[in-house]
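First the structure, in the form of C-alpha cells, and then the observations on it.
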Amino acid sequence: MRYLPHTDEDIRNMFDAIGVKGFDELFTTVPDSCRYDKEMILPVAKTEWDLNTYMAEIRSMMRVTPAHSVLIGAGRYHHHIPSTIPSIMGRSEFLTAYTPYQPEMAQGTLQGLFEYQTLTARLLGVDVANASMYDGASALAEGLLMGLRVAKKKTRVAMSSAIHPHYREVVRTYFKPTAFEIIELPFLENGRTDLSGLADLEDVAAVAIQSPNFFGVVEELEMAAEAIHQIGALFVTGFTEPLAFGLLKNPGSAGADIVCGEGQSFGMPKSFGGPGLGMFGSKQKYVRNLPGRLVGETTDLEGNRGYVLTLATREQHIRREKATSNICSNQGICTLTAAMYMASLGGTGLRKLARLNYDKSEYLKEGLQDAGAIILFSSPTFNEFVVEFRDDFTPVQKRLIEQNIVAGLHLGKYYPGFENRYLFCVTETASKSVLDRVISEVQK
Amino acid sequence: MRYLPHTDEDIRNMFDAIGVKGFDELFTTVPDSCRYDKEMILPVAKTEWDLNTYMAEIRSMMRVTPAHSVLIGAGRYHHHIPSTIPSIMGRSEFLTAYTPYQPEMAQGTLQGLFEYQTLTARLLGVDVANASMYDGASALAEGLLMGLRVAKKKTRVAMSSAIHPHYREVVRTYFKPTAFEIIELPFLENGRTDLSGLADLEDVAAVAIQSPNFFGVVEELEMAAEAIHQIGALFVTGFTEPLAFGLLKNPGSAGADIVCGEGQSFGMPKSFGGPGLGMFGSKQKYVRNLPGRLVGETTDLEGNRGYVLTLATREQHIRREKATSNICSNQGICTLTAAMYMASLGGTGLRKLARLNYDKSEYLKEGLQDAGAIILFSSPTFNEFVVEFRDDFTPVQKRLIEQNIVAGLHLGKYYPGFENRYLFCVTETASKSVLDRVISEVQK
Amino acid sequence: MKNGPGRSGLIMDEPLLWEKGKKGRNGMSIPESDVPAAKIADEICGAGPDFPDLSEVEVVRHYTRLSQWNFGVDTGMYPLGSCTMKYNPKINEKQAAAEEISGAHPLLDDEYCQGTLRIIYELQNFLAEITGLDAVSVQPAAGAHGELAGMLIFDAYHRSKGQKRTKILMPDTAHGTNPASAALCGYKPVPIQSGPKGILDVEQIRELMDEETAGIMITNPNTLGLFEENIGEIAEIVHEKGGLVYGDGANMNAVMGIVDLKKCGVDVLHLNLHKTFSTPHGGGGPGAGPVCVVGKLKKYLPSPRVEFDGANYRQEESPDSIGRMHGFHGNYGVLVRALSYILSMGAENLKKVSQYAVLNASYIKVKLKDYLHLAYDRPCMHEAVFSDKNQHKDNVNTLDIAKRLMDCGYHPPTIYFPLVVPGAIMIEPTETESLEEIDAFIDVVKNIVNEAKSDPELLRSSPNRFKVKRLDETQAARNPCLCG
Amino acid sequence: MKNGPGRSGLIMDEPLLWEKGKKGRNGMSIPESDVPAAKIADEICGAGPDFPDLSEVEVVRHYTRLSQWNFGVDTGMYPLGSCTMKYNPKINEKQAAAEEISGAHPLLDDEYCQGTLRIIYELQNFLAEITGLDAVSVQPAAGAHGELAGMLIFDAYHRSKGQKRTKILMPDTAHGTNPASAALCGYKPVPIQSGPKGILDVEQIRELMDEETAGIMITNPNTLGLFEENIGEIAEIVHEKGGLVYGDGANMNAVMGIVDLKKCGVDVLHLNLHKTFSTPHGGGGPGAGPVCVVGKLKKYLPSPRVEFDGANYRQEESPDSIGRMHGFHGNYGVLVRALSYILSMGAENLKKVSQYAVLNASYIKVKLKDYLHLAYDRPCMHEAVFSDKNQHKDNVNTLDIAKRLMDCGYHPPTIYFPLVVPGAIMIEPTETESLEEIDAFIDVVKNIVNEAKSDPELLRSSPNRFKVKRLDETQAARNPCLCG
Ligand SMILES: Cc1ncc(COP(=O)(O)O)c(C=O)c1O
Ligand SMILES: Cc1ncc(COP(=O)(O)O)c(C=O)c1O
C-alpha cells in the first residue's frame, strides 16, 4: 500500500532489533478478552482510480448540484471563493502542520492567526478575538457560558428566539447538564427581538441576540445593549453572516460585550455545513475568561518580533477541569482561510461586496412583493428575508427546482405558524436573471 | 484590476519622479506611424466568476467528455495520473520560476532535472538524456538533424513510414529549407519497417525507426541497428509510448545511437495534444552534438554537491547561429512531472503497469479477432494495434460512441488503402467491461 | 547526516497584512451590480472595518512567504506524541473539494442530497465496525467535542435512571480535555494515579468508584503509550456501580483490527479522524471527533443521525438524544477525507497501519532507551514516552532538546505531557515513516544526547536556523498583545 | 529593510531519488488486472529500468523539499529582463486543468471537440487583434519555435517567388534564438551594429539589404528596452528589395494597445504567451510562441489552423502551408491559460499592462541611473539595461552583484545580455510589481552599490544564504557529469 513504506525486509530487521518474532509479540499487553477476534468487515481497498469512480457515483446521487442557484442561507452562504485561496491555503506547510506549540517552527501559522485575530477584532468591533471556535453554534454556547463565568454567581441566561434555531438547540445541549436556566425572548411583529420582558428578569448573566437574525432582520443593537446592561447582564451578539458588517454597524460599536458567530462566508465552501469557523471576540476586560486559543506578539532573544500561543492558563492543557473551555483542536486552516479572504477583499472590497448582497436581496424582496407575496417583517434586512405566500408555495418551488433554482427555506418546522413562510437568501452569486425567474414564477 | 497594483496616487508619484506628465510621454519614441490608433476590440474584462461561466460553456461544447472511454492513442495516451503529481508539481516555487540560470537559487529545479535526465537515460538505455525538447515530433526532427551534424558531410536521412505520420510531417517541415534529402522506408506485411532497401543507399547520415511504431508494432531494433550501422549511418529510435520500455527491451541496449520520443504518458494529461515532453538522449560520444539543455553535477566553493546548466556552448545563447539547436524555453515543468511520475511508479510499478497495458491490449486484440475482425499485422505489439474490418465499421463506431466509447482511430487519411483499418489503443484505464462491449458490438 | 536534514536556506521576511497595501487595490474579483442600488437606512449603516487593500499578487506572496516559516508532515518527520502526524493523502483533498460535495447546502431536503447523506451513513458504519461499538454520530467537531458529547450521554443515561451523578474517575495520565469536558457537565474529576507499571490498577478503582460517580474516562492505549491491561476488570467494577466507561480513542491508531473496544467494556468512545484517519491537522484544525456507543446508549447520540431504509438515506432525530452539538453535520469536509482514507485502505491495511505504528514506536523505544530515560520500560504501543532525567546533570532540559531537534530538521515530539512524567518527551512516529527516516531520527537524537554533554550551551541556545530565535512566551503572557 | 526581504531559515536537505527508497515500495496505485495474462515473446522483453521504489510520502517529501530550494514569482520580485516574470494568475491554472479540456484527445473528429477548437479559434483572433496582424497560428511551442516557423515562412514566400535567398539581417542586440532559428533555414546572419542611440540606423540597413537577403529580424522594443524608432523606414527598405520583416515579439508586454505591428511594417511576428500573457514559466517551460502574419503570408502558416464557418469550428490545412511544427496543436494547455488571461483583462487592462510595465521600468531607470551605469540614457520601454561599468574600479562585476541580490531576497535581473552591453544588467520589473516592491528593490540595489565600495568581498563571496555557495560552472563543463 502506497502509504505504508515498510518492506518485508524492513519489518524483519525491526523485529530483530526489538527482539520479537512477529507482530503478536508486540501486542502481548492486550488481553485476549479485549482482542478484536474477527476480521474487520470493510470494502476492499480501492486504488486511487476505483476510489474516484466510487466517489463520483456518490456525487451523482446529488439532485441539487453546482448547476443550481440555491437561494437558501440560514447559516451557510453561497459566496464566490477566489481560486487564490485554495491554492495558498492548500500549501502543505500550512495544511499538514498542527497546533503551533513550537512557535519558532510555526511562525507562518502564528502570524497568520495573529492577523486573523486583528482583522476579526476590527470587523466585529471588539478589542480581542480568539483563534477560532468550532462553529457559530458552539461559539454561542461558549459565549453564554463565558457570560456566566464573568457574572460569577448568576444562574440564568436569555436568548432571542430569532437566533438560528440550530444554534439555540446547541446552546440547550451544552446547558442541559448544568443548573443554569435559559430564557427565550420572543420576537416582535417587525421581526426584531422583543426586549420588553427583560426589565422584569433577575439573576440574568447574559443575553444573546443575533444580528442580522435568523430572519435576516437587522436588530437594534444599541437599544438592546442599553436594555441588557440595564439589568446588569452582559450583551452577547451572535451572527451567521459576517459579511453584513461590511455595510452595517458592527456589534462592538453598538455595545456588545461578547461577539460570536459563524465565519463560513469568508472563503469557505458550504460543504454540507462544515468545516466552518466559530468567530469569537470580546471586550479587553474579559480576555482572561475567553475560551479558545489566543496568539500574542512577543520578541525573541534578539528582540525580533515573533508570535506565540499565549494566556494558555485559560486552557485545558494547563488548567484541566478549571479551563475556560474544553476546546483543543479548533478550526485551524479555516481561520487562515478567513484571513486570506478578508485580505483579498480588503476594506474597499468588503464594503462593495456587502452592498451588492444588500442590493440584490432588496431587488428580490421588492420583486416578490410586487408579485403579490408578503414580506413578513418590515425591519431592514441584509441578504436574507422572510416571505409569506398567500397560497401554497410548494408547486412553485417544484417548478423552480426544475429550472435549477432552489427557492427559499421552508420555515414550518422551525416556528409554529410559519407553514407558508420561507426564508430567502440572495448573495452576489445570484444573477438578476435568476431572481427575475423566481419573481415571474411567483407571479404566475 | 486585481493583477495591477498601481493606484492613481502611485502613478502620479511615479510620473513626478520620472518627470513626465502622463503615459503618452513615456512612449514618445513610438512614431505616430507605428501607433495602434484604434482601441483593441476584445471581450470586456470578465470577473473570475464570469470567466468560470464562460469557460464552462466552452467545455459544454465537448461531445466527448471524461465520461467517455477513448480507445485511441496514436501519440497521446490516457493513463492514470496520481493526485500527488498536480499537488507537488503545482508548488509555485517550481511553477513560477524560469530557466535556472542562477543555480544557487534554483537547486530544486536543477536537482529535479538531473534526476529526470538520469531516470530517462536508464529508461531508454542511453548514456545521456537532455532536459527536454518541445515534443516527440520536433525531437525526431532534431534527432535527424543531429545525425547530419555528427556525420558531417552526408546529405541524406531515412525514416520509416511506420513512424507517426505527424512526426514525419514535422520532420519534413524542419527539412524543407535545407538541402538535405529524406528517404522514406516502406513497411512490411507484418507491420515492421522494411530495411531491405537500406544496403543500396549511400550518403545516409541517419536512419529513424519508431518502436513501438505507429501501428503499435514492436520493431526488431537489434537487426535494424546492424543494418543501419552497416551503411555507416546513425540509428535514431523514436517512440510515442515510453511506458513500453517498462516491459520491452530499451532502444539503447538494442544499439540505438540517438533516442527521441514523446513523454506525455508520464504524468501529463492528454490536454488536446500539449504540453507534453520531448525526451531526447544519445550515446556519450555524441553529447557535444546534443540539442537542448543539460544539467550537470558540480560542487560549490565549499565542495558541496550541486547542480548547474552545463555544456551551454552547444546552445543558442552562446553559440548563436552555430548552436546545435535554436531551442531556448523547453518543456520545463513537464520534465519535472515525468520525473515525479517515474519516481511514483518506481521500477516495480513501471514493470507492472507496462505489463497491464500489454495484457489488456492483447485481450481486446484476441476478442476482436474472435469477433471476426482482422488483426492486420502479425508482429508483437504493446498497447496499440491495427484492426481491419470486413465491412464498414462506422455504424459500429457510432453505436459505441453512444455508449461513451470512442473505438479506434480511422487510418484512412494517414495511409492509402487503409480505408477500413483502425488503430486501437488499450491502457490500464480501459476496464474489461468496456473492452467486452466493444467486442460484442463488433460481433453483432 | 548525523545532524539530520536541517539546513539553512533563503526564506523571505514579510510584514503584517496591514503594514502592506494601498487603498483602492483589490485581491479578488467583485461582480458589477446588475440591479439598482437600494435605499438603506443610515442608522443601521456602519463605516466598514479598517482592512488593508492588497493586490492579488501581494496576497499570494504574503501567504507563500508565511508558509516558508512553517513545518508540516510534507516537510519532514513530525513525531508529535498523541497527535498521530501521519501522511495526509492528497487524494482525500480532491474528494472533499469536489464541487457537488463542497457546494452542497446543509439544509436541502433529504431527497436532494442523498450523496452527502450516504457519505455520513457509510462513515458511521465503518467507524462502528472499526471500533467494535454499535452506533456512531459524526457530529462532534473534534476530540474534545466528542468527549463533551460523551459526557452529555453519561448525564442523559444517569438521568434516565433518575440519578444525577457528580463525580467521574480521571486517571492522572488523561489529556487535559478529559477533565475539562467532564467539568462542562458538572462532573468533579476524581484523580486516579497510574500504578507502578504506568497503567491503572484495579484496587484503586474499586475503592473510588461509587454511586455518586458517573463512571471513568480511560484513554487506551493511554498517554504513556501503554495498553490499559486491566480495562476489562475496571469496566466491570464501574458497571457494577451503575457507572459508564468512557474511552478516549485519540490513540486508536495503535489498535485498529487488534482491539475491540466493546469487548474492553467501553460504553462511549470518541475518535479523532484528524489523527487515526489521516485528515490534515491544518495548523490546529479542523478535526472531527465522532462519538461511538454501545447499543443501549444509541438513542442518546447527537441528532440528527443518518439512517438508510433500504431505498433512501434519511436524517433522523431521536427523542432521547442529547441534541445538537453543531450547527449542521459537524466538520463534514473532514468526514469525506476520512471516508476516502478508509476506502483506500480497507480492513487489511488498517490493521497493518496499527501494526506498523506500534512496530515503529517499539523500535524507537528500544534504540533510544540507553540515551533518553524511558519512563516505563514496558511494551509500548504507538508511542514511547521518555524524559530528560538523564540530562539533568548536564543542565539541559526537555525544551532544549526539542529546540535543538528543530534545527536538525525534525518537529519535536510532544513535550511535558503526560504530566505524570516530569520533562516528558513523547515520541509517536506513526506508520508512514520509513525505517530509514526513523533510523536517521534516532541518530540525531543520540547525537543531541551527546551534545548535551559536550556542548550543552548549543542546546540551550537553540533553535538557530529559524527566522526568529527562541521566543519569550512569558513576556507574551505578562503583557498580552493580541491584536495589531 | 535596506537589505531586502532575504532571510535565513530552515530548509531540508534531500538526497537524489535513487539514494532513497527500497525495492517493493510504491508511490501510486496500480490497478489489479481484470484480464488474463497474455503470452509475450522473450526476445522483445527487457529487464525494465533500474528505478528506485518509493512510498507516496517519500515522493511528496522529496519534491516538497526540492521546492524549498527554488525561488519563483510567488516568492518575490523576479526582474529577469526579457522574460517578463509577471504574476501568474491561479485561475488560469484552474481553467487549463478542467477535465473536459485536460482530458481531450487531440485526434477526435472536429464534431466531438468543438470546445477545444473554439479556444484555439478565439485565441487566434485575439492575438491578431492585439498585434494588429491578420492571421495567427498557435502551434509553435515556444518563442524560438515561433521564430523557426517565421523563417520557414520567409523561405516559403521567397521560393514562391522562385528565389532562394541566403542571408538575413541580424541586429547585434538580437536574442540568440534569432540567428539560431535563421540558421536552421540556411540563412546566414548578416550582423548589424545598433547605432549610437542603441537602435538600428537606417543607412546601415540600406547598405546591407539586397536581393540575396531574405529580410531582417527585428526585436521591438529591442533587447536594450528601446523602441526601434526607424522600424517603419527600415521595413520599407527591406520590402523594396523584396525582403520580409520578422518581428520578435518577446517584448510585446511593453506595447499592447500602443503599437500596431502591421503599421510598423512587420510581416511575421512571434509572441511568447509565457511572457506577455502570464502563463507560468515552469522552471524553463512549457511556453507557447504563436506566429502572427500579414494577410499575404496567411497561407504559409503552420497547419492545421482552426476556422469557424458560422456554425462549426473546423481544423483546416493550407496546401501552401509550411506544414506541421508540432505533433498536435502545440502546447495547448498554455493556450488555454493565455486565453483565460486575455478574457480576464480585456482591451483596457491589457493596455494598462503595457503602460504600467513601462512606467515601472522607467521609474527604476531614473532612480538607479546614478548608481549603476545606464547603457543608453534614453526613454526606455518595459526594461532598463544597466552595466557594472561603475563597479569595475571596485573589482566587482555583474555576477557578484547578481549573487548578492539573491541573498537580499530578489531574483537577479538578466545578466550579460544583450551582448552589446558588456556586463549587462537587464531589469524588467513587469506591471505586477507594486511601487513599494520597486522602491524596496531600488534601495537594495543602491545598498549593494555601496557595499561594492565598502565591502567588495561580501559581493564576491555571495551568495551565502542558500543550501549551496557559489557553484563551479567551469568544473561542470570541463568534466561533465550528466547522469547519476
Ligand atoms: C489523548 C487525547 N485526548 C483528547 C484529545 C483532544 O482532541 P482534539 O484536539 O481533537 O479536541 C487529544 C488531542 O491532542 C489527545 O491527545
Ligand atoms: C527577445 C527574445 N527572443 C526570443 C526568445 C526565445 O523565446 P523562448 O525561450 O520562448 O523560445 C526570448 C526568450 O528568452 C527572448 O527574450
Side-chain angles (χ1 to χ4, degrees), chain A residues 1 5 10 23 29 34 36 40 42 45 58-59 61-64 66 82 88 91-93 95-99 104 107-109 118 122-123 134 137 169 173 177 249 269 271-275 296-298 300-301 306 310 316-317 320-321 323 326 329-330 332-333 344 346-347 351 362-363 432, chain C residues 27-28 34-35 38 46 48-49 51 53 63 66-67 69-70 72-74 99-100 102-104 106 112 114-116 141-142 144 155 176 179-181 183 185 227 260 264 280-287 323-324 327-329 331-333 346-347 349 355 434-435 466 468-469 471 476 481 484:
Chain A
M1 206 290 158
D10 292 338
F23 285 113
T29 57
C34 295
Y36 201 108
M40 295 183 286
L42 298 169
I58 289 181
R59 293 195 295 272
M61 295 168 66
M62 294 302 282
R63 277 181 52 199
V64 168
I88 47 183
R91 285 185 60 85
S92 62
E93 296 89 335
L95 197 59
T96 70
Y98 205 9
T99 311
E104 300 85 0
Q107 282 297 294
T109 296
T118 303
R122 293 182 187 186
L123 178 79
Y134 299 134
E169 283 184 48
T173 303
K249 288 206 186 93
S271 192
F272 209 52
E297 188 172 296
T298 185
D300 70 3
L301 294 173
T310 191
Q316 46 72 28
H317 64 279
R320 303 184 67 87
E321 65 265 29
N326 66 328
S329 291
N330 55 18
I333 200 72
S344 299
R351 183 86 180 169
E362 289 299 303
Y363 179 82
K432 179 170 176 303
Chain C
M28 64 183 267
D34 54 1
V35 300
F51 285 179
D53 290 352
Y63 287 102
L66 261 58
S67 76
W69 311 343
N70 255 29
V73 172
D74 283 6
E99 280 195 333
E100 294 83 350
S102 67
Y112 295 116
Q114 288 290 297
T116 42
D155 178 69
S181 301
C185 296
F227 191 82
D260 181 325
C264 293
H281 287 74
R324 278 187 180 276
F328 300 104
H329 300 287
N331 282 332
Y332 187 80
N349 286 316
Q355 290 175 322
S434 68
L435 176 55
F466 295 82
V468 290
K469 297 259 181 301
L471 287 159
C481 164

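Remember, it's a predicted structure, so these values are computed and weren't measured experimentally. In the text below, chain A, chain B and the rest are named by the order of the sequence lines, each starting its count at 1.
Atom-to-atom distance recorded for A:M61:CE and C:T116:OG1 is 9.0 Å, nearest 0.5 angstrom. In this structure, CG in C:N70 is found 9.0 Å from CD in A:Q107, a value given to the nearest 0.5 Å. Atom NE2 of C:H281 and atom OG1 of A:T99 lie 8.0 Å apart (nearest 0.5 Å). If you take OG on C:S181 and CD on A:E321, they are separated by 11.5 Å, rounding to the nearest 0.5 Å. Once rounded to the nearest 0.5 Å, the distance linking OH of C:Y63 with OG of A:S344 reads 7.5 Å. For the atom pair CG (A:D300) and CZ (C:F466), the distance works out to 13.0 Å, reported to the nearest 0.5 Å.
With A:T118 contributing its side chain and C:G484 its backbone, the two residues share a donor-acceptor pair below 3.5 Å. No donor-acceptor distance shorter than 3.5 angstrom exists from the side chain of C:D74 to the backbone of A:E93, with no hydrogens or angles considered.
Residues passing the side chain to side chain contact (heavy atoms under 4.5 Å, CB included) test with A:E169, sequence neighbours excluded: A:H166, A:R172, C:R324. Applying the side chain to side chain contact (heavy atoms under 4.5 Å, CB included) test to A:S329 and every residue at least two apart in sequence or in another chain returns A:Y98, C:A142, C:H274.
Among C:C481, C:A141, C:G323, the residue making the largest number of heavy-atom pairs under 4.5 Å with chain A is C:C481.
With a 4.5 angstrom heavy-atom cutoff, C:D34 touches chain A via backbone and side-chain atoms both.
Ring geometry for C:Y332 versus A:F272: interplanar angle over 60°, hence perpendicular rather than tilted (30 to 60°).
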